[in-house]
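Take a look at the structure set out below.
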Amino acid sequence: MKHRKRKQQVKLAVVNLVLMLVCIVTFVPILYAFSVSINEQNSLLSSDFSFIPKEVTLENYRKVFTEEPVVLWFRNSLFLAVSTVMISLGTGIPAAYIFSRRRFPGRNAILQMLILLYAFPSLLSMTALYKLLSPMGLINTKTGLIIVYTGTMAVFALWNMKGYFDTIPIEIEEAAMIDGASPLQIVRRIVLPLAKPTVAVTAMMVLIYVWNEYIFAINFMTGENTYTLAAGLYSLQANETSGSWPVFSAASLLVSLPILVIFFAMQKNMASGLTSGGVKG
Amino acid sequence: MKKLTALLLSIAILTCILCGCGAQGASLTEEEKNTVVIWHDKEEAVSEALSDELKRLVPDVTVQLEYKSNLTEALKMVGNDPKAAPDMYFFAHDKIGVYAEMGILAPITDLIDKETLTASCVDMTLDAAAYKGELYQLPVYFETLLFLYNRLYMPDEKVPGTTEELYAYMEEKTRGGHYGFVEQHSTAYYSAGWIHGFGGCIMDENGNVGLSSPETVRALEYHKKFVGLMPGESEYATVNTLFQEGKAHATIGGPWLVSASRAAGMDLGIAPMPVIDETQIPISPYMGVQGVQVLKFAAENKTEAVKKVLYALMQPEVGISLARVSGCAPAVEACYENDEVASDDVVMAMREMAENTIPMPNRPEMDVMWTVAADMLVNINMSGQDVKESCAAAQKNAEELIKKMQ
Amino acid sequence: MKKSDIKSDIKSTKKKKGAGTAAAYLWSAPSLLLICLIVVFPIFYTGYISLTNMNVYHWFTYDLIGLDNYKEALLVFDSGFLSALFLTVVWTAVNMLLQLVAAYLLASLLNTKGLKLRNCYRTLLIFPWAMPGYVSILLWKTGMFNSQFGLLNQWMEKMGFSPVKWLADDMSAFICCTIVNLWLALPFMITIIDGALQSVDRSYYESALLDGADWMQRTWYITIPAIRPIIAPSVVITIFTTFKQFDVIYLLTQQAGAKTGAHIHTILTYAYENAFITNNYGYSSAVSMIIFVILIVFSYGINMKPKEES
C-alpha cells in the first residue's frame with residue numbers, strides 16, 4: 001500500500017515537472033514581451049537583450065493608461081463582448097437544443113452544411129459584409145459589429161452545445177413533458193442547469209474571439225473612440241515611422257489579462273465542459 | 001431539401017433588396033456641410049500639428065482628423081459611400097491612380113485653380129499628384145530617403161562620395177557584428193534608388209514594367225555585391241536597430257530615422273547619396289508626396305467647406321509647423337523663406353535631393369509591382385538566384401498580373 | 001437515432017409532424033438567420049461577384065460577364081498552384097497530427113488524479129490564446145527568429161554556434177511556422193480534449209485496468225473511441241482553419257517589406273500573391289470560389305465529417 005502511494009507521488013512529481021516545463025516554454029515569447037515592456041529603451045530588438053532589463057521601468061504601463069484612451073477601449077470591448085456572448089447564447093441554445101432533440105426534414109443537411117461553411121476562404125468576405133451592413137446604416141456602429149461577431153461564432157456555438165445536449169439523457173425531459181411543462185420551461189429548468197459547463201465554455205470561446213478580433217473592428221469602425229482593445233492595440237502597433245515597441249508590448253499584455261482572469265474564475269463552471277460529459281446516462 | 005431551397009432563395013432575395021437600396025441621394029444639413037472628416041494614418045505629432053493649424057486657419061469649419069488603420073484597404077471598401085467614407089484623406093500620392101480609376105476622387109483643380117497651385121507648390125510635387133492629366137492631390141510635404149551616417153564611426157571626411165568608395169568602406173569595416181553600411185536591401189522602395197541610378201525603373205510613368213530591362217539587371221547585379229556585406233534580414237526593424245545601436249556605421253533611411261536617432265543622442269550626419277561610378281548618377285530613391293485627396297461626394301456636396309480647408313493647407317504656416325514636428329520637406333515654396341525651415345539640415349537635404357529623386361509611380365499597377373519586385377529582390381539577394389533569370393521571370397509575372405487587373 | 005424519437009415519430013400523425021418541423025425551424029431561426037447573414041451571404045456575394053468584371057476600372061459600374069473569370073482563374077492553377085496545394089496538404093497533416101498528439105498528451109497530464117495545480121496550469125497554457133494573433137506572430141518573428149537579435153540566435157551564440165537564418169530556408173521556415181501555429185492553436189485543442197476526457201466514464205478504465213491493459217491500449221481502445229465523437233466538430237473546424245491558414249505563414253515569411261527568402265506557399269498565400277493583389281475583385285472571387293470547392297471535395301475525399309452521437 002505504502003509502495004503504491006510512493007509510486008503515485010513520484011508520478012505526480014513527474015507530471016508537475018513536465019507541465020511546468022511546457023508552461024515555461026510556452027511563456028518564452030510572452031516573457032520576452034514582458035521584459036521589453038519594462039525596459040527603458042525604445043526597442044523591440046536589441047543586441048544585448050536580457051530577460052532582466054538593466055533599467056526597470058513601469059513608465060510604459062503608465063503611458064498606456066495616460067496617453068491612450070485605453071479605458072474607453074476596454075469599455076467598448078466589454079460592451080461588445082458581453083452583448084455578443086448574450087446574443088450568441090440566446091440564439092445558440094434554442095437552436096442547439098432543437099438540433100439535438102428533434103428530427104425534422106433538413107436537419108442533417110443543415111448540420112453537415114454548417115461545418116462545410118468553414119471551408120470558405122473568407123479573405124474577401126469583408127466587402128460582402130460591408131455591402132450588407134452599410135445599407136442598414138450599421139457601419140461604424142456597435143450593433144453592426146455585434147451582428148458580425150455573433151454570426152461568425154454561431155456555427156461553433158450551435159455545434160458545440162448540440163454535442164453536449166446529445167449526452168444529456170432525454171428521459172428527464174420526457175417526464176417533465178408528461179407533467180405538462182412547455183418546451184421553454186424544460187429548457188430553462190432542466191436542460192440549462194445540466195448544461196452549465198458547455199454554456200460556460202461556449203461563452204468563453206465567444207468572449208475570446210470578440211476580445212481578440214481586430215480586422216472587422218478596424219475596418220468597420222472609424223475614430224479612436226470607437227475602437228475595441230484589439231483594434232486600439234493594432235493602431236498602437238509601431239511601424240517604421242512611429243510608435244513605441246515597449247508601449248505596444250505593455251498594452252498587449254494588459255489586453256490579455258482580463259481573459260486570463262475570467263478563464264481562471266470560470267474554471268469551476270467549465271469542469272467537464274467542452275461538448276460533453278458530466279451527466280452519465 | 002425543399003426547405004433548404006426556400007432558405008437559399010430567401011437569402012438571394014434579401015441580397016438583392018439590400019444591394020438595391022444602396023444608392024440614395026443624400027441632402028446634407030448645414031452642420032454636416034460644414035464638417036470635414038479627414039482620414040489619415042500619420043503619427044500623433046503630425047496629426048496634432050495639422051489639426052491645430054486648421055483650427056486656427058479655418059475656425060468656421062469643423063475638421064475631424066481621424067486615424068484609420070488599414071486606410072488604403074478601408075477606402076477601397078467604403079468607396080464614396082457618404083455614410084462611411086471620409087471627405088478627404090491624407091496619404092502619400094502613390095494610391096491616387098487606384099482611387100481615381102475607381103472613380104471616387106475629385107480632381108483637386110475642381111476646387112483650387114491650377115495657377116494658384118503651380119505658383120505655390122514645388123514643381124515636382126505637382127508632377128507626383130498628376131494622374132492621366134488631372135491633379136488629384138494637394139501636396140503638403142514630401143519625403144525621400146537620405147544617406148545617414150554615425151559620426152562616431154564614420155567621420156565626415158570618410159563619407160563615401162561614390163559607390164565604389166562605399167564598397168571599400170564596407171569591406172574594411174564589416175566584421176565582428178559591425179556593418180559598414182546597411183539598408184533594407186530587398187524591398188522595392190529601397191532598391192529603387194539603385195535601379196534608378198543605372199537608368200532602370202520598376203515601372204515607368206506610362207505603366208511599362210521595367211524589371212527585365214538591361215539597366216535594371218545591371219543595377220541589381222551591381223547591388224548584389226553590397227548585399228553580400230549586409231545582414232540577411234532586410235526588414236526595417238533589424239536595419240534601423242543596427243544603425244541606432246551603432247552596429248552599422250551608415251544607412252539609407254527616411255527622415256523619421258533622423259529624429260529618432262538624434263533623440264537617442266547619436267551624432268548623425270546627412271550626406272548626399274553616393275554617385276554610382278559606372279553611370280555617374282547618384283543613387284536616386286523614390287520620393288513620396290504626402291497630401292490631401294478629396295472624395296467626389298465631398299467635392300460635390302461640401303464644396304465650400306472643402307475649399308476653405310484646402311486653401312488653409314496651402315498656407316506656409318502649415319508646412320512650417322509640419323516640418324518642425326516631422327522633419328519633412330514642405331511642398332509649399334514659401335515655407336523655405338522661414339529661417340527655421342531653411343536651417344533644418346534634414347529638410348534642406350531633402351529639398352536638394354528633390355532634383356535626383358523620382359516620384360513613386362501613382363498608377364494602379366503599382367499595387368502589383370511592389371509585391372512582384374520584392375519577390376524578385378528576395379530571389380536575387382537572399383535565395384541567390386540568377387539575376388537575369390529572376391528579372392525575366394518577374395517581368396513576365398508582373399505583366400500577367402497587370403493583365404489580370406483588367 | 002434515440003429510441004424515444006423513433007417512438008414518438010411513429011406515433012405522431014403527419015400533421016403533427018409538420019407542426020413539429022415548423023416549431024423546430026422557429027426555435028433555430030435566430031441562429032440560422034445570423035449564420036445566413038454573416039457566413040452564407042458573403043459566399044453567395046462572392047459567387048455573384050465572381051461572375052462580374054468588378055475591378056479597379058469598373059468598381060461601381062461592373063457587369064455580368066459570365067464565366068470569364070473562372071477561365072482566367074483556372075490558369076492560376078498551374079504548377080505553382082499544385083505545389084502550393086501539395087504543401088498545404090502536408091502542412092495541414094503535420095499540424096493536425098502534432099496538435100492532436102500534443103494536446104492529447106497535455107490534456108491527459110492535466111487530468112492526472114490528485115493534480116493540485118491543474119487550474120493554474122490550464123490558465124497559463126491558454127495564454128497564447130488570450131492575445132490577438134498578429135501580436136503573437138510578431139513576437140515570434142522579431143523576438144525569437146530574427147537572425148540578428150532574436151533570442152534563438154542569442155542562445156546559439158552563447159552556446160558557441162554560428163547564428164542561423166531561421167526563416168530564410170524553406171525547411172526551417174516551415175518548421176518555424178509549424179511551431180508558431182502549434183503555439184497558437186494548442187490552447188483551443190487542449191481545452192477541447194480536456195473537456196472531452198472528463199466525460200469518459202471512469203468505470204471503463206477500472207475494468208480495463210483489471211484486464212491488465214497498459215496505457216497505450218487504454219488510450220487506443222477506450223479513450224480515443226470515447227472522445228472521438230465529442231471532439232469531432234472542433235477538429236473538423238480546426239482542419240479547415242489550418243488548411244486556410246494565412247496569417248502565420250504570410251506574416252512570418254512573406255509580409256511586404258519583410259520577406260525572408262523562404263518560398264513556402266499554401267494555397268491561400270499563393271492565391272493572395274497571384275490574384276488578390278491585382279485588386280480585381282471579380283477574378284479574386286472566382287479564385288476564392290474554386291478554392292472553396294477544392295476544400296469541400298477534399299473533405300469528402302478523406303471522408304471528414306463530424307459523426308453524431310456514438
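Below, chain A is the first sequence line, B the second, and so on; all start at residue 1. As a basis for the values below, the full set of heavy atoms in this structure was taken, side chains included, without hydrogen atoms, waters or symmetry mates.
Contacts between A:L229 and chain C at a heavy-atom distance below 4.5 Å are absent for every atom of the residue. For A:Y214, the part lying under 4.5 angstrom from a heavy atom of chain C is the side chain only. Contacts of A:I147 with chain C are made by both backbone and side-chain atoms, with heavy-atom separations under 4.5 Å. Contact annotation for A:I208: only side-chain heavy atoms (C-beta onward) come within less than 4.5 Å of a heavy atom of chain C. Residue contact with chain C, scored on non-hydrogen atoms closer than 4.5 Å, involves the backbone and the side chain of A:M20 alike. Heavy atoms of A:L233 lying under 4.5 Å from chain C belong to its backbone as well as its side chain. For C:T46, the part lying under 4.5 angstrom from a heavy atom of chain A is the side chain only. Both the backbone and the side chain of A:P183 come within contact range of chain C, each with at least one heavy atom under 4.5 Å from a heavy atom of that chain. Residue contact with chain A, scored on non-hydrogen atoms closer than 4.5 Å, is absent for C:F243. Using a 4.5 Å cut-off between heavy atoms, A:V14 makes no contact with chain C at all. At a 4.5 Å heavy-atom cutoff, the contact between C:W183 and chain A is made by side-chain atoms alone. There is no contact between C:S136 and chain A, counting heavy-atom distances below 4.5 Å. For C:T112, the part lying near chain A is the side chain, with the backbone staying farther off; criterion is any non-hydrogen pair under 4.5 Å. At a 4.5 Å heavy-atom cutoff, A:L254 makes no contact with chain C through either its backbone or its side chain.
Comparing A:C23, A:A96, A:G90 by heavy-atom pairs within less than 4.5 Å of chain C, the highest count is held by A:C23. In terms of non-hydrogen atom pairs under 4.5 Å with chain C, the most contact-rich of A:V25, A:N16, A:L19 is A:L19. The greatest number of non-hydrogen atom pairs below 4.5 Å with chain A, out of C:S285, C:A23, C:S288, is found for C:S288. Top candidate by heavy-atom pairs under 4.5 Å with chain A, chosen from C:T123, C:L268, C:L34, is C:T123. Ranked by heavy-atom pairs under 4.5 Å with chain A, the first of C:N153, C:L109, C:V293, C:L186 is C:L109.
Here the shortest heavy-atom pairing between C:F240 and A:I115 reads CE1-O, 3.7 Å. Taking all atoms of both residues into account, the shortest heavy-atom contact from C:I192 to A:M205 is CD1-CE, 4.3 Å. The shortest heavy-atom contact between A:A119 and C:I296 is CB-CG1, 4.1 Å.
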(request) Start with the C-alpha gap between C:I126 and A:F264, add the side-chain angles, then the distance that decides, and say whether side-chain contact (heavy atoms from CB on, under 4.5 Å) holds. (result) CA-CA 10 Å; C:I126 72 140; A:F264 190 77; over 6 Å; no
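Side chain of C:Y134 to backbone of A:Y234: a donor-acceptor contact under 3.5 angstrom is found. C:K244 places a side-chain N or O within 3.5 Å of a backbone atom of A:Y118 that can act as its donor or acceptor partner. Panel note: side chain A:N212, backbone C:G133; no donor-acceptor pair is recorded below 3.5 Å.
Using cut-offs of 30° and 60° on the angle between ring planes, the pair C:F188 and A:F156 is tilted. Taking the six-membered ring where tryptophan is involved, the planes of A:Y97 and C:W27 are tilted, since the angle between them lies from 30° to 60°.
Residues satisfying the side chain to side chain contact (heavy atoms under 4.5 Å, CB included) criterion with A:A217, sequence neighbours excluded, are A:L145, A:Y149, A:E213, A:T228, A:A231. For the side chain to side chain donor-acceptor pair (under 3.5 Å) test, residues two or more places apart in sequence or in another chain that qualify with A:T127 are C:Y281.
Side-chain contact check for A:L132 versus C:Y45: every heavy-atom pair is 4.5 Å or farther apart.
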